[in-house]
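Just below is one structure, and these are the notes that go with it.
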Number of protein chains: 2
Amino acid sequence: MNFQPYTREAVADLLRGHDITPTHQRIEIAFVLFEKREHLCADQIFALVNARHAETSKATVYNTLKLFLDKRLVRELIVDPSKVFYDPNTTPHHHFYDVDSGELTDIPADSVRVEGLPALPPGVVAEGVDVIVRTRRAS
Amino acid sequence: MNFQPYTREAVADLLRGHDITPTHQRIEIAFVLFEKREHLCADQIFALVNARHAETSKATVYNTLKLFLDKRLVRELIVDPSKVFYDPNTTPHHHFYDVDSGELTDIPADSVRVEGLPALPPGVVAEGVDVIVRTRRAS
DNA sequence: CCGGTGAGTTAGACAAAGTCCAATTCTTGT
DNA sequence: ACAAGAATTGGACTTTGTCTAACTCACCGG
Ligand SMILES: [Mn+2]
Ligand SMILES: [Mn+2]
Ligand SMILES: [Zn+2]
Ligand SMILES: [Zn+2]
């Protein structure tokens, strides 16, 4: 599911494929995320979706992002202390995070190897391994 | 500076070593962090410092944590979408993060190798590499 | 001592991100 | 077309963190 759905119908199909009933609001939100393929936070999505005409409430943006997360249509990035970013790329990959600008850049997973991690405590299972390289402008 | 300062005087010395004027409030906050050596968030620190007698305001807790961060006495962990954790261990290491319980556990850095990271964009320098293994209770 | 100066602390107002709820509006199946 | 459940909504609310102007305290020179 790493394609670029250009039309609303393609987005609706993508949603159905993830067991999400495609409503007008959900289609617009998914369209914004998959059109840009950028790391966006809730209020950017809210602004983009409502740029032309007011169509979607704040509550629905948050409800929908939580649903997308649950259905594995997007993934959550916790790197900024004040807001969550949503990543339309759910394939394993890592990130550069520029602490000055707040900019997030993808690092493809295939080149990176993380070795020597200790065994997990019993009764616990790994959900994912995130590598975040914090960067800043050279002194 | 990975020792356990048991006395207020030892904490004061630790602060002076980091160019921090040791005030009563700063000593109490550092004492709580270095006594427990746990990952604590601001309001836990606020509660612990004020457990016996009210001694320190919310503003001072936040001011002080920012100062400690700046002076590299503690490090910040961005892992929970709703609050920042402060880590008294500033030596390089990584973390397990249990998404169910919110619990953070250290992973010593020496065993872990991260290989194959791409070169940094020009004009940018790495500040650190964080590896976070998200875990949850087995199905 | 004592008064001045600057650093540190404080209460409380404020801001931003996110949650919750009851009322309303869609969607879907029949 | 209709009923029933699902989704959406405005707005109140909560939580985390920031800001500011007043106050306090430690320290120093006289
Ligand atoms: Mn808390
Ligand atoms: Mn917040
Ligand atoms: Zn990404
Ligand atoms: Zn740690």
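A note on names: the letters A, B, ... follow the listed sequences, proteins ahead of strands, and every chain is numbered from 1.
Regarding B/Gln44, its CD atom lies at a distance of 15 Å from the P atom of D/dT15, rounded to whole Å. Between A/Arg16 atom CZ and C/dT27 atom P the separation is 12 Å, expressed in whole Å. Distance B/Leu15 CG to D/dA26 C1': 16 Å, rounded to the nearest Å. Rounded to whole angstrom, the span from the CZ atom of A/Arg26 across to the C1' atom of C/dC26 amounts to 11 Å. Atom OH in A/Tyr86 sits roughly 10 Å away from atom C1' in C/dA17 (whole-Å rounding). B/Glu28 places its CD atom 17 Å from the P atom of C/dG8, with the value rounded to the nearest Å. Taking atom CD on A/Glu76 and atom P on C/dG18, their separation rounds to 9 Å, with Å as the unit. Rounded to whole Å, the distance from CG on A/Asp43 to C1' on C/dA17 is 8 Å.
More than 12 heavy atoms of other residues, nucleotides or ligands sit less than 6.0 Å from atom CD of A/Glu55.
Side chains of A/Leu15 and A/Phe68 form a contact here, defined as non-hydrogen atoms less than 4.5 Å apart. Looking only at side-chain heavy atoms (C-beta outward), B/Leu77 and B/Tyr86 stay at 4.5 Å or farther from each other. Residues A/Gln44 and A/Glu38 are not in side-chain contact: their nearest non-hydrogen atoms beyond the backbone lie 4.5 Å or more apart.
Residues from residues 46-58 of chain A lying near DNA chain D, meaning a heavy-atom separation below 4.0 Å, are A/Glu55, A/Thr56, A/Ser57, A/Lys58 in numerical order.
Among D/dT9, C/dT28, C/dT9, the nucleotide with an atom closest to any side-chain atom of B/Gln25 is C/dT9. Picking from D/dT18, C/dT28, D/dT9 the nucleotide with the shortest atom distance to the side chain of A/Thr60 gives D/dT9. Here the side chain of A/Asn63 is nearest to one of D/dG17, C/dG18, D/dT8, namely D/dT8. Nearest to the side chain of A/Ala59, among C/dC20, D/dG17, C/dT28, sits C/dC20. The side chain of B/Tyr62 lies closest to D/dT16, out of D/dT8, C/dG18, D/dT16.
None of B/Val133, B/Thr135, B/Thr105 except one satisfies the side-chain contact (heavy atoms from CB on, under 4.5 Å) rule with A/Val124; the exception is B/Thr135.
Annotation for B/Asp98 and B/Arg137: closest pair OD2-N, 4.4 Å, computed over non-hydrogen atoms.
The side chain of A/Thr23 places no N or O atom within less than 4.0 Å of a non-bridging phosphate oxygen (OP1 or OP2) of C/dC26.
Contacts of A/His93 classified as ring pair (Phe, Tyr, Trp, His ring centres under 6.0 Å), with partners at least two apart in sequence or in another chain: A/His95.
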